[in-house]
Amino acid sequence: MIPQDWIHALLGGIIIGTAVSMMLLMNGRVTGISGIINGAISPQKGDTAWRWLFVAGLIVGGLTLGSLNPQVFGQASGQSPMLTIAAGLLVGVGTIMGSGCTSGHGVCGISRFSPRSLVATITFIGAGMVSVFILRTLGVIP
């Protein structure tokens, strides 16, 4: 970690906190990315445009930041595309089982003192640690 990394983490936290607070104050909605995407894919009348715009903003923002400052995202994992797709599908299954994702439970839920979100976040982190341990032990990842 280079010395200025904490500044990036602090700025990122401030931006995320501001964004989810604005979403809650202005729209009365919790910013759970998996819920937003799920609502966009299985649309209800009058409730899809903002979801697609939100997803587009995430993509455009990431692409813009990546083009302006590529080192912010670090190095690619070097893992096979199939392993990356499998990992993404497991995350999707996990968000369905947990009724939300890390952004919904970890950022919004914990800040609202939700016991359910605290349990979900501890479960996410614990499952991630166990997964990394198993995959490293098996030699799948370095």
Legend entry - OG1-CE distance between Thr18 and Met22, expressed to the nearest 0.5 angstrom: 8.0 Å
Legend entry - Nearest-0.5 Å distance that lies between atom CG in Leu24 and atom CZ in Arg29: 11.0 Å
Legend entry - Leu58 reachable from Ile16 in the ILVMFWY side-chain graph, under 4.5 Å edges: no
Inset, instruction - Compare all side-chain heavy atoms of Val119 with those of His105 and state whether any distance is below 4.5 angstrom. - result: no
Legend entry - Side chain Thr121, main chain Leu118, donor-acceptor under 3.5 Å: no
Legend entry - Residue pair Thr31 / Cys108: nearest heavy atoms and the distance that separates them: N-SG, 3.6 Å
Legend entry - Shortest non-hydrogen contact between Cys101 and Gly32, atoms and distance: SG-C, 4.2 Å
Legend entry - Ser114: partners by side chain to side chain donor-acceptor pair (under 3.5 Å), with sequence neighbours left out: Ser117
Inset, instruction - Taking the side chain as every heavy atom from C-beta outward, state whether Met23 and Ile36 have any atom pair closer than 4.5 Å. - result: yes
Inset, instruction - May I ask whether Leu10 and Ile15 are part of the same hydrophobic cluster, defined by side-chain heavy atoms of I, L, V, M, F, W, Y residues being less than 4.5 angstrom apart, directly or through others? - result: no
Legend entry - Same apolar cluster (I L V M F W Y, side chains within < 4.5 Å links), Ile41/Leu89: no
Inset, instruction - Would you please name every residue forming a side chain to side chain donor-acceptor pair (under 3.5 Å) with Asn69, sequence neighbours left out? - result: Gln71
Legend entry - Single-linkage hydrophobic cluster Leu63~Ile37, side-chain heavy atoms < 4.5 angstrom: yes
Inset, instruction - Report the distance from atom CD1 of Ile85 to atom CG of Leu90, rounding to the nearest 0.5 Å. - result: 12.0 Å
Legend entry - N/O donor-acceptor pair under 3.5 Å between Thr95 side chain and Gly92 backbone: yes
Legend entry - Between CZ on residue Phe54 and CD1 on residue Ile59, distance to nearest 0.5 Å: 11.5 Å
Legend entry - Value rounded to 0.5 Å, distance of CD1 in Ile33 from CG in Asn38: 12.5 Å
Inset, instruction - Answer with yes or no whether the hydrophobic clustering places Val130 together with Leu135; edges join I, L, V, M, F, W, Y residues whose side-chain heavy atoms lie under 4.5 Å apart. - result: yes
Legend entry - From CZ (Arg51) to OG (Ser42), nearest 0.5 Å: 8.0 Å
Inset, instruction - Please test Ser111 against Val107 for side-chain contact (heavy atoms from CB on, under 4.5 Å), starting from the C-alpha separation and ending with a verdict. - result: CA-CA 6 Å; Ser111 66; Val107 176; 5.7 Å; no
